[in-house]
Amino acid sequence: MKTSKIITLILTALAQPVFAEVVKVHLEPTTVRNIGGVSKFDRSQYITLHESFGSSDLTEEDLLYIEHELEAEFGRDGGLISWLARDIPADKNNPSMPDVGKIKDLFENKFVNNNNSIRFNAENMRNVILCTHPEKMHGHKNNKSYEWGPYSAEATAEYTANLLKYGFTDANRPRAIEVYNEPFVKAKKIPTTIEAMSEQHKIVAKRVKELNPDVMVGGYSAAWVEFESGNWNNWKNWQKKFMDIAGEDMDFWSYHIYDGVNVMGTPRARTGSNSEAIMDIIDTYSHIKFGVAKPIMITEYGKIPQGNMSTMPYSEERSAGMLYSALGQLMTFMDHPDRLIRTVPFILGKASWTYGMTNTHVPGNANPYLLWRRLADGKTYVKTDLMKFYYFWKGVEGEWRYSSSNNPDVRVHMLADNNKLNVIMMNLDNQAKTARLTGLNNVKAQSVTVRSLTTNVTKPELNQSLIKNIPDELELKAGEIVMLQVQLNEPQKPQQSVKEHRIYADNYLQDIKGGQQINFTFNQVPTGKGSAILRLSPARKLGSQPLPSTVHINGTPLTLPTNWAGDDQKGRNMFYGMVELEIPMQALKPQSTVSLMYPDDGGKVASAVLQVNVRNNKN
């Protein structure tokens, strides 16, 4: 555990007064935060759910409720491609290929001719990410899912490309497709190989973009991103291998990230430093291999509770824990709108298909990921606490404005929305914090609304209240997310901007040898006024010193932090997380070198990334 947390727990045990740690939250309402070229919060990028308009168990009333009451965007569809494939016969002249000439008629019968229904209006699929099941759509000689197999990757590619081309129009065609959903964990069951699945990504991508140049193709929709597992064999044999084989033809990388137990292993958390380290190593290798850090889609995230996809009695406390993970991860994802095309929490609608997944279903029990769960009568649906994820973000819009926190466990964002400021803070720690706000003294408020959602509790509570003035301090309970909505007399006009740049090192995944210097070199580093941090991602066995003894940039020593976002990753064999080190701007050079040293052998420094935040007084 972190030193401050150990001290707090000891004091509690001794029944001494415990005061919440004070965290300094700095806010600049007239400074635009330009994140790699992005300065506007996009709800369709972040406020999503794992559903689409094609879900047959959602009524039109449900769909409209999701759209208008929850103000959520439909995020991902895993069934449409395999569902429509059932009605496509084999080509009479080539039985190993689909008769793609039937696709247009099939689609028109199911969708276009039913356009009085919003569910069957293809325009509603425009922002939905399509994917499909590898068990059905991986091409191999023994696949008998459909009349035409698919017996080859080429057959799947032809079907997929023609479905996108002739099943939609240029105005409503989905913008993105993942070739598979979580394929590599299913390779042995099919059976096939990682190499063959990677090759199919390549073949499908080429054909899809030949017929649909406006569609992004990506993957591999990884289920298990524990890269450090097996002495980095997970990275080498899965993610890196996929990027080496198919990466040239991928428009984006995609993966799934969960707290809890993801596929195998013991319970652990990824929220915080671990999720940041995962993104940074993918970005770094992408930049080394292709000259660019290709964008990412996180198409499932949240928490996997005990029991996972099984049906179980409803638990408010379990839902509260799932809200913590979804909200905590989202607060970190929101720091990367330039890197993350779309993020989709694994939150389902009614998902009637989940009730039949096991033979032991008890009436009244339900899958834990649902917005609506079915009661024991088999007919009545009631809302779950996961609705509160969307209610918290209801009405939130705006332009990013600059904010910072001196504690990585307290995440903060600020958005300027015309005559309103939205200040959002979340405490990722398991101890309460006091957020001391600076920078709003000159803001004239007509009214202030406080919206809060608790998660480290037996029952999640969403509350909203009016207060007279902008507070100087706010208590953040463990796992609590709080939003100040400040109504202004007039908008906070921009007076300056801060542009965030990411610079990637020319090497990565370096072995740690005690007493031996490890170097990372960065080219084309911006300089000037502003601030900078080193995003360092060490991976070391638990019990070893996670951070180096010394870190220098261009000879200037950096102060080593004692804290990082999220927990200490108990439950893993190894700590793997991104830790931020502050860099004096004057220490930066156009070509900069980071040097670091550990006292003992073992582990790796997975990646090092510079983030340079350049200030400009002329917005």
Side-chain angles (χ1 to χ4, degrees), residues 1-2 5 222-240 243 253 255-286 288 296 298 301 303-304 325 328-329 332-333 335-336 339 408-409 428 504-505 507-514 518 520 533-549 551 560-581 594 596 598-609 611:
M1 298 183 74
K2 302 172 195 177
K5 296 178 182 177
W224 185 39
V225 285
E226 194 152 329
F227 294 149
E228 71 276 19
S229 178
N231 192 26
W232 293 87
N233 282 331
N234 177 288
W235 166 260
K236 297 171 188 173
N237 296 330
W238 285 20
Q239 184 69 42
K240 180 181 181 295
M243 294 170 79
W253 319 115
Y255 57 87
H256 301 163
I257 187 165
Y258 288 98
D259 291 341
V261 182
N262 195 0
V263 180
M264 60 185 71
T266 55
R268 72 283 305 272
R270 297 196 182 280
T271 299
S273 66
N274 181 248
S275 70
E276 294 284 295
I278 288 167
M279 181 180 68
D280 276 4
I281 191 173
I282 292 174
D283 281 353
T284 297
Y285 187 65
S286 177
I288 291 170
I296 290 169
I298 299 177
Y301 72 88
K303 180 178 183 178
I304 299 176
S325 295
Q329 289 165 27
T332 60
F333 297 158
D335 282 317
H336 313 290
R339 301 292 314 116
D409 280 323
L428 301 183
Y504 302 96
N507 55 354
Y508 83 119
L509 212 58
Q510 297 207 57
D511 290 327
I512 294 172
K513 301 290 185 183
I518 297 173
F520 293 93
I533 60 172
L534 170 64
R535 296 169 58 92
L536 192 69
S537 296
R540 305 207 80 199
K541 282 191 176 295
L542 288 186
S544 299
Q545 177 179 311
L547 293 179
S549 299
V551 181
L560 292 162
T562 58
N563 199 2
W564 46 82
D567 69 2
D568 288 334
Q569 302 185 22
K570 286 188 176 180
R572 286 196 173 87
N573 293 322
M574 183 176 288
F575 171 87
Y576 176 38
M578 187 281 293
V579 183
E580 295 183 339
L581 288 74
V594 167
L596 55 95
Y598 279 84
D600 53 355
D601 293 356
K604 296 179 184 292
V605 181
S607 61
V609 179
Q611 180 177 317

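Listed by chain and residue number, nothing satisfies the salt bridge (Lys or Arg N to Asp or Glu O under 4.0 Å) test with D601 (two or more places apart in sequence, or in another chain). Scored by the side chain to side chain contact (heavy atoms under 4.5 Å, CB included) test, Q611 finds E500, R502, I533, R535, N613 as partners (sequence neighbours excluded). Listed by chain and residue number, F290 satisfy the ring pair (Phe, Tyr, Trp, His ring centres under 6.0 Å) test with W253 (two or more places apart in sequence, or in another chain). Scanning for side chain to side chain contact (heavy atoms under 4.5 Å, CB included) contacts around L542 gives F575, with sequence neighbours left out. In this structure, the side chain to side chain contact (heavy atoms under 4.5 Å, CB included) partners of N233, at least two apart in sequence or on a different chain, are K236, N237. Here Y301 pairs with F333 under the ring pair (Phe, Tyr, Trp, His ring centres under 6.0 Å) rule; sequence neighbours left out.
A salt bridge links R270 to E226: at least one charged side-chain nitrogen sits closer than 4.0 Å to a carboxylate oxygen.
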*Could you give me the CA-CA distance, side-chain angles and deciding distance for M578 and M279, then say whether side-chain contact (heavy atoms from CB on, under 4.5 Å) is met?*
CA-CA 10 Å; M578 187 281 293; M279 181 180 68; over 6 Å; no
*Going through the distances and angles, do S325 and D259 end up as a side chain to side chain donor-acceptor pair (under 3.5 Å)?*
CA-CA 7 Å; S325 295; D259 291 341; 2.6 Å; yes
*Take T332 and S275, measure what side-chain contact (heavy atoms from CB on, under 4.5 Å) needs, and give me the verdict at the end.*
CA-CA 9 Å; T332 60; S275 70; 4.1 Å; yes
*Apply ring pair (Phe, Tyr, Trp, His ring centres under 6.0 Å) to the pair W232 and Y576, showing each step before the final yes or no.*
CA-CA 11 Å; W232 293 87; Y576 176 38; 5.2 Å; yes
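Nearest heavy atoms, G566 versus D409: N-OD1, 2.8 Å. The shortest non-hydrogen separation linking L581 to P561 is CG-CD, 3.7 Å. The minimum heavy-atom distance between G328 and L428, with the atom names listed, is CA-CD2, 3.7 Å. Summarising the geometry of Q239 relative to F227, their closest heavy-atom pair is CB-CE2, 3.7 Å, with the distance given to 0.1 Å.
The distance between the ring centers of Y285 and Y508 falls below 6.0 angstrom.
Looking at Y598, its side chain never comes within 3.5 Å of a backbone N or O of S549 through a donor-acceptor pair. In this structure, R540 contributes its side chain and M574 its backbone to no donor-acceptor pair below 3.5 Å. A distance-only check finds a donor-acceptor pair linking the side chain of N234 to the backbone of W224 [under 3.5 Å].
For the atom pair S607 OG and D283 CG, the distance stands at 9.0 Å (nearest 0.5 Å).
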